[in-house]
Every structure is written in C-alpha cells, then in structure tokens.
Amino acid sequence: MAGRGRGRRMMSFSVDAVGINRGDTLPPTIQQPTPAYPAMENKPLPLAAGEEAEYMLALKQEFRGAMRSLPCFIQPAAPHRDVERYSDKYHSSEPTDSLITWTPDWRSLPRELRVARLPRRDGVSVSRSVPSGQIRQVKEKEEILLKLESLEQKEQQGSSEEEEGEEKKKQEEEEAEGEEEYDEEEFGEETDYIMSYFDNGEEFGGDSDENMDEAVY
Amino acid sequence: MYGARGADVGGMTLQEVRLCGLLLREHFGEVVEKVGKHLLRSGALNLRTIINETGLPLDLVKKCLCVLVQHGACVFSSGRKGPGSPTEYLTSCNRILRILRYPRYIYTAKTLYGDTGELIIEELLQRGHMTMSSTVKTVADRLTQNMEEGRSMEYSEVSSAFSNLVETHFLQRCPPQPGAGGKDKTTAAPTDNPATPAAPAKTTPQTAESFPDCYKVPHMTLSGRGKRQLSTEEGEDQRNAKKPRLDTATHGDEGIYWQVNYERFHLHFRDQAIISAVANKLDQTSSEIVRTMLRMSEVTTSPTAHCTKPLSSNEIFRSLPSSYNIARPILDQYLTLLVDDPMEFVGKAGESGGGMYVVNLHRALANLARATLESVVQERFGSRSARIFRLLLRKRHLEQKQVEDFAMIPAKEAKDMLYTLLSENLVQLQEIPKTPDYAPSRTFYLYTVNQLPTARMLLQNCHKTVANLIERRLFETKESKRLLEKSQRIEAILASLQASGAEPEQLQEVEEMITAPEKQQLDSLKLHINKLDSAENQVDETIFLLESYITGTASST
C-alpha cells in the first residue's frame with residue numbers, strides 16, 4: 001500500500017479525501033474481538049402473525065414429527081452398554097417394523113447399494129449384499145444362489161441369537177415351563193445331568209388303579 | 001441446476017453446508033447428516049471412499065445413500081474414468097435447502113387444490129418419490145381417517161386431484177437414472193453426454209424435463225375407497241397410517257415414480273411476490289391486471305425468460321375476471337401507470353392491438369431484491385443510513401462530500417454511518433487514481449454499492465441465520481428434555497385414562513403431576529420453539545427472493 005508511514009501520525013490514505021479533519025477524535029482502536037451478542041440499537045420487527053403464518057408453522061412442526069417416524073429416519077447404532085440397565089426396557093419405545101417394510105425400487109438405484117433386507121433402525125444390521133461386477137457374468141447366478149443360501153442360514157442363526165439376547169429372561173422362563181416337552185437332552189437346561197435319567201416321580205402310582213393283580217410295595 | 005461440477009463444490013459456502021447438515025439431521029437423522037455433509041464438502045465420491053473417510057459401517061452408508069437418492073438429494077453416475085470405474089455420488093446444497101420451503105409448498109397446494117392437493121404434496125415430500133397408485137391410496141386413507149364415521153374418500157377423486165397437479169406441472173415424473181441397478185454399466189453410455197476425447201467422461205444428471213413423458217399421467221387400474229383404520233391403540237393408529245401399503249396389487253403404473261416439481265412452485269411464488277408488490281405499491285386493481293397478465297402467460301413463458309410474451313391491451317381486457325368491471329379506457333390508464341412506475345413491473349413493447357405490454361420478470365425480481373436489501377439496512381442501521389444506501393445504489397459512485405450533500409445529512413453523522421456500513425461490507429470503497437503512482441492525496445475515494453455481490457452476502461447471512469435458529473431450537477429442546485419427556489408420558493397416561501373412561505378426579509390427579517412452575521416452563525418453551533420455527537419460515541421467504549434474483553441475474557449475464 002502506498003505511503004507506509006514515515007512518521008508516527010501518517011496514515012496510509014489521505015485523511016482529507018475520506019473526510020477526517022484535523023482535530024477530530026477518531027473512534028477508539030479495537031483491542032479485542034467484537035462482543036458475541038452486542039446490544040442492538042434498532043430492535044427487529046415482530047414476526048409475521050396471522051392465519052397463514054400459524055398454519056405454516058403447524059405444517060412445519062407436523063412434518064418434522066412425521067419424518068421422525070418414517071423409515072428414512074436413521075438412528076445411529078445404539079452404543080454398547082457394558083451392563084444391561086433396567087431403564088433400557090422402557091427407552092426403546094419406537095416401532096421398528098416400519099423400516100423393514102420399506103424396500104426402495106432397486107431398479108432406480110445403483111447395484112452396489114443393494115441390500116437384501118434393509119437393516120433395522122438402530123443400525124444393527126443383518127443384511128447381506130449382492131456382489132456386483134461384470135467379471136463373473138457366467139457363474140454369477142450360481143455363485144450368488146449358493147452364497148445366498150449360506151448367508152440365509154447364518155442370518156437365521158444370527159437373528160435368533162439376537163432375539164435371545166434381548167428376551168433372555170422371558171425365554172428362560174418359557175424354557176423352564178416347557179421343559180418336559182423339549183428333548184430331554186443336556187442342552188435344555190445347561191446342566192451336567194442327563195435329563196432322561198431323571199425320574200420325576202409323576203409316573204409313580206399311575207398304573208395302580210388299573211392293575212390290581214400286582215402287589216403294592 | 002447442477003452446472004459444472006467444479007462450480008458446485010467450490011460455490012458452496014460454509015454456512016450453506018452447515019445449514020444443510022442441520023436440515024438433514026432433523027429430517028433424516030445424524031447418520032445421514034454425516035454422510036451428506038461429507039459428500040457436500042468433498043464433491044463426487046464413490047462408495048468405498050465414503051466408507052473409508054466417514055468411518056461408518058458399509059450397511060449404514062448404503063442405507064444413507066439410498067435415503068438421499070430416494071429424496072433427490074443425491075445423484076449417482078458412472079465414474080469419471082470411463083465405464084467400469086465405480087459409481088460416483090454427488091450431493092448438492094440446493095436440493096437440501098429446499099426442505100426449508102416444504103411448509104410453503106404444502107400450503108400452496110392447499111390453496112390451489114384443497115385438502116386433497118395438500119396431502120398429495122405432503123406425502124410426496126415425505127417419501128421423496130412414489131408411484132401414483134400408492135400416493136392415491138395413502139392419501140385416500142388419510143382423508144378417510146379425518147372424515148365422519150361411515151364416510152370415506154373415493155380413489156377417483158384423489159386421482160383427479162393428482163392429475164390436475166400433473167397437468168399444471170406441479171408434479172413430474174422422476175427421470176430414469178443412468179447407471180442404475182438392473183442395467184449393465186456399459187449400456188449406460190448412450191445417455192451420457194459425449195465428451196471430448198481429452199476430457200474425462202462427464203455425465204450430467206438428466207433433468208426431469210428432458211424426458212418427453214415427464215408430465216404424462218399413466219393409465220392406472222385403480223378403483224375403490226379409502227379405508228379407515230380401526231383404532232385399537234392410539235400409537236398403532238398413527239403407525240398404520242404411515243406404513244406404506246403392503247398389498248401386492250398392481251395397478252399398471254409400476255416403475256413410474258413421481259416427485260414434486262419445485263421449480264414450478266417457485267414460478268408460482270415469484271408471480272405471487274410480483275402481484276403483492278404491485279398491490280402494495282399501487283392498488284388492488286393494478287395487481288389484478290398484473291395477475292391476469294401473468295395467468296395468460298403461464299404456458300407461453302419459459303421459466304428463465306426475462307419477461308412475458310407481449311400481450312395486447314385488447315387481449316388483457318377480454319381476459320380480466322368478470323368481477324372486475326372496468327372500462328376499456330380505464331384499463332389503458334392503469335397500464336400506463338404501471339409502465340411509468342419506477343419499479344418497472346410492466347413494460348410497453350409496442351403499439352399494435354391498442355398497446356403491447358409485457359411483465360418484466362427479471363427486472364421485477366431485481367427490484368424486489370433491492371427493496372429487500374434496503375429494508376435490511378433500514379432495520380439494522382436506521383432510516384438515515386438506509387437513505388445513504390439507497391443513494392449509493394442509484395448513483396453508483398459517490399465521494400464522501402457528495403454523499404453528505406445528496407443525503408442531506410450533516411458531515412459528521414454521514415461519516416459515522418458510512419464507516420459502519422463499510423465495516424459491515426454493505427458499502428465498498430473504490431479507488432480511482434489521478435496519477436499512475438496511486439498517491440493517496442491524488443486519488444479519488446468513491447463509495448459504491450454493488451447489488452449482486454451484496455445480495456449474495458445477505459443470502460449467506462440468511463443461511464447463517466436459519467442455521468443459528470435451528471441450533472437454538474435444538475438447544476432449548478435439549479435443555480428441557482426431561483421435562484418434555486415427563487409431559488409426554490403424562491399426556492399418554494391421560495389419553496389412555498380418558499379412553500378407558502376414568503373419573504374427572506383421576507384425570508385431575510394425573511394432571512397435577514406436573515407442578516405449576518413446570519407448566520410455566522413448558523409453556524415458555526413452547527412459545528420459544530414456535531417463535532424460532534416461525535422465524536425460520538419467514539427468513540426462507542427472504543432466501544427465496546434473493547436466490548431468485550441471483551440465479552436470474554447470473555443466467556442473463
């Protein structure tokens with residue numbers, strides 16, 4: 001810039017042209033950033049009121065609320081808690097079925113985005129993706145079918161494992177009740193005792209009414 | 001709409017990206033926000049890069065991209081390096097910023113096509129795009145829900161409202177995307193624009209209007225009435241209404257998706273702005289004349305035209321609404337007044353047919369933008385600063401002394417005001433040297449205002465304003481989160497008690513679970529949130545005006 005001060009009081013532009021006269025007090029130099037919320041000399045006008053504005057406000061708020069319940073609203077994956085908390089049962093109140101029912105028209109989306117079953121809203125995914133590529137055109141279908149079958153089996157196991165994890169307590173109760181109907185194998189109760197050896201005494205005395213020939217000990 | 005890719009990425013301001021992120025968060029969740037913001041900042045990316053750079057799991061990213069594409073916020077095209085390279089995804093700020101305007105679109109549809117039109121537009125905005133048959137069924141169900149017991153809405157009525165919206169171009173078919181699934185990537189080539197051998201293959205996304213069938217209503221076999229949901233539980237009721245139809249009945253229009261045509265709504269808003277400006281500046285009759293002229297020109301004027309096709313005074317006279325019984329010479333007088341008005345809404349294009357008149361669309365928009373800028377200066381800095389600002393807009397370049405004289409403001413105060421405006425960048429200083437060495441004592445310093453860059457700056461301020469409003473609203477909601485949850489639980493309890501027929505004492509007991517100070521806090525919270533939301537709507541009106549002016553001017557220069 002021209003006129004970089006030779007003396008102390010030289011400024012880089014001609015004072016006369018911009019209108020500062022000799023002897024005028026200049027505004028104080030700024031020493032720090034301007035305040036974040038400066039006092040306003042002129043208050044803003046009030047918001048537009050009226051039927052139209054109110055209706056549009058209602059539309060806006062309803063729209064926002066509606067979007068939250070649609071499948072396109074994606075919640076981040078729930079953080080893993082180290083300990084299961086009592087309040088978890090009451091927190092997840094939103095329905096998850098609406099997402100599963102949304103399948104976009106895959107014809108209008110690129111192949112690589114294809115997901116066989118869109119994951120649940122909480123980000124826990126049990127999906128599988130169909131591999132794309134022009135390389136495997138010949139064997140593609142067969143390979144995919146095989147892969148699908150194996151993934152399906154894995155998926156069923158995977159989803160059933162998850163369900164167990166969530167409703168563990170309930171299931172254990174059910175298991176205890178229905179134990180007699182289950183296979184009397186070791187898996188039923190995770191104990192070391194083989195169920196078939198256990199005689200719970202229900203059959204004892206069941207025949208006594210019918211067969212009077214034998215002596216009762 | 002997309003222009004050169006470079007301009008899109010470079011042309012997005014920080015504030016735009018921030019605002020888009022918040023809008024995505026509110027309507028699609030934080031995960032979509034993360035992916036969307038990343039795409040906005042980085043330009044076109046392929047799937048693998050997005051996954052690596054955002055650190056999100058593969059399936060979540062895929063889901064986000066599906067959502068973004070479904071709602072038209074993201075387009076995909078085959079890679080730049082020629083066929084075989086991975087698909088690239090590109091997001092644009094403009095489309096996401098439209099979310100701010102959704103209430104206005106829905107309200108406009110209501111004024112033009114009643115409740116049916118309102119719900120059709122609302123459903124399509126919520127879902128991104130849908131087939132005509134599913135839209136009709138969903139809307140019929142929703143309308144039936146609100147009707148009296150025993151009455152229901154005919155599908156055919158909703159279909160005809162849908163057709164009307166298509167006829168007037170408020171709805172359009174989604175353009176088929178090249179490179180979509182179901183087609184081999186190599187066959188996407190015919191729809192790509194051929195590029196020069198040296199440049200990498202560029203694919204410009206097809207606009208909906210480049211397809212001839214864009215506004216053709218498909219033949220549908222759909223008959224029936226809307227179904228009322230049996231209300232078993234309140235929550236279930238709402239969920240069922242929102243669930244898309246699961247029935248597999250086909251109606252002959254599969255694969256034909258419809259979306260809202262924002263540009264058509266924008267033309268309508270532009271016309272509305274011009275008409276109301278005429279009504280405010282002149283009078284009701286003048287605005288009716290302009291309204292008639294715009295209505296006559298709807299189909300003959302292209303969206304980017306500077307002005308409407310010339311209309312003769314005779315034609316206008318014949319087309320005036322019958323409720324306006326003005327004599328022919330009076331009409332001519334009104335037209336002359338409109339032409340002479342400094343706002344230049346109407347121009348004279350010839351003398352045949354009793355006088356040929358046009359509506360100056362771009363000029364009107366520029367003047368409306370100018371009025372907006374002047375109003376901003378007036379409300380922030382006072383009417384005298386506004387006088388200086390208006391002066392500089394009209395006179396282009398003025399020296400310090402000339403400003404003082406023309407504005408009739410004493411020197412000291414004029415100086416202060418000019419410096420304040422200068423520090424806010426609403427006014428610029430231009431140097432005109434008298435001598436080649438740019439010596440300060442021999443240079444003219446002129447104050448000047450440039451309307452277009454100033455409008456851009458104000459537009460950016462508007463984006464920042466709306467982003468601040470949203471953040472404040474989120475903050476207020478978060479602060480009172482526990483109280484809000486408590487109040488929601490109590491409302492749910494009250495509702496279920498009422499449904500099962502409880503005593504008034506019981507209801508009162510439950511109501512009293514919220515203490516008086518808590519109730520006060522809730523009321524004040526509701527007031528704040530309503531104010532913030534309302535302010536967002538209002539700022540969007542300014543955004544619309546400035547945007548229309550900027551795009552209109554940019555395309556003509």
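First the proteins, then the strands, lettered A, B, ... as listed; each starts at 1. All figures in this text were calculated on a predicted structure; none of them were measured in a lab.
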Query raised in the report: So A/Leu59 and B/Glu118, side-chain contact (heavy atoms from CB on, under 4.5 Å) or not? Walk me through it.
Result: CA-CA 10 Å; A/Leu59 279 176; B/Glu118 176 190 5; 3.6 Å; yes
Report summary line: Okay, B/Cys64 and chain A: the region with an atom under 4.5 Å from a heavy atom over there is both
Requested in this report: Side chain from CB out, backbone as N, CA, C, O: work out which of these in B/Tyr102 comes under 4.5 Å of a heavy atom of chain A, or both, or neither.
Outcome: side chain
Query raised in the report: Would you say A/Leu70 and B/Arg127 make side-chain contact, with heavy atoms under 4.5 Å?
Result: yes
Query raised in the report: Under 6.0 Å from the NZ atom of B/Lys434, do we count more than 12 heavy atoms belonging to anything else shown?
Result: yes
Report summary line: So CG of B/Asp533 and CZ of A/Arg64: to nearest 0.5 Å the spacing works out to 4.0 Å
Report task. Let me know if B/Lys531 has heavy atoms under 4.5 Å from chain A in its side chain, its backbone, both or neither. Result -> both
Query - Distance (rounded to the nearest 0.5 Å) between A/Tyr55 OH and B/Asn537 CG - result: 13.5 Å
Query raised in the report: Taking every heavy-atom pair that is under 4.5 Å apart, which of A/Met56, A/Glu62, A/Lys43, A/Met40 has the most such pairs with chain B?
Result: A/Met56
Query - Between CZ on residue A/Phe73 and CZ on residue B/Arg25, distance to nearest 0.5 Å - result: 10.0 Å
Query - Portion of B/Gln538 that has a non-hydrogen atom of chain A nearer than 4.5 angstrom - result: side chain
Query raised in the report: Is it the backbone or the side chain of B/Arg101 that comes under 4.5 Å from a heavy atom of chain A, or both, or neither?
Result: neither
Query - Spatial distance of atom CZ (A/Arg68) from atom NE2 (B/His27) [nearest 0.5 Å] - result: 10.5 Å
Report task. Taking all non-hydrogen atoms of both residues into account, name the closest pair between A/Ile74 and B/Val31 and its distance. Result -> O-CG2, 3.9 Å
Query - Reported CZ-to-CD distance for the pair B/Arg48 and A/Glu112, which is rounded to 0.5 angstrom - result: 9.5 Å
Query raised in the report: Which heavy atom in A/Met67 sits nearest to a heavy atom in B/Phe28, and how many Å separate them?
Result: CE-CE2, 3.6 Å
Query - Side chain / backbone / both / neither for B/Leu418 at chain A, heavy atoms under 4.5 Å - result: neither
**Report entry** Where A/Leu47 and B/Ser534 come nearest, the two heavy atoms and their spacing
**Finding:** CD1-CB, 4.0 Å
Report summary line: d(A/Leu45 CG, B/Gln378 CD) to nearest 0.5 Å is 9.0 Å
Query raised in the report: Using non-hydrogen atoms only, which part of A/Glu52 is less than 4.5 Å away from chain B: side chain, backbone, both, or neither?
Result: both
Report summary line: Closest non-hydrogen contact found for B/Glu122 with A/Phe63 is O-CE1, 4.1 Å
Report task. Check A/Cys72 against B/Gln126 and note the closest heavy-atom contact, atom names and distance. Result -> SG-O, 4.3 Å
Report summary line: Pair count under 4.5 Å, heavy atoms only, with chain A: among B/Leu56, B/Leu100, B/Asn530, highest is B/Asn530
Report summary line: Ranking B/Ile529, B/Val32, B/Leu47 by heavy-atom pairs under 4.5 Å to chain A gives rank one to B/Leu47
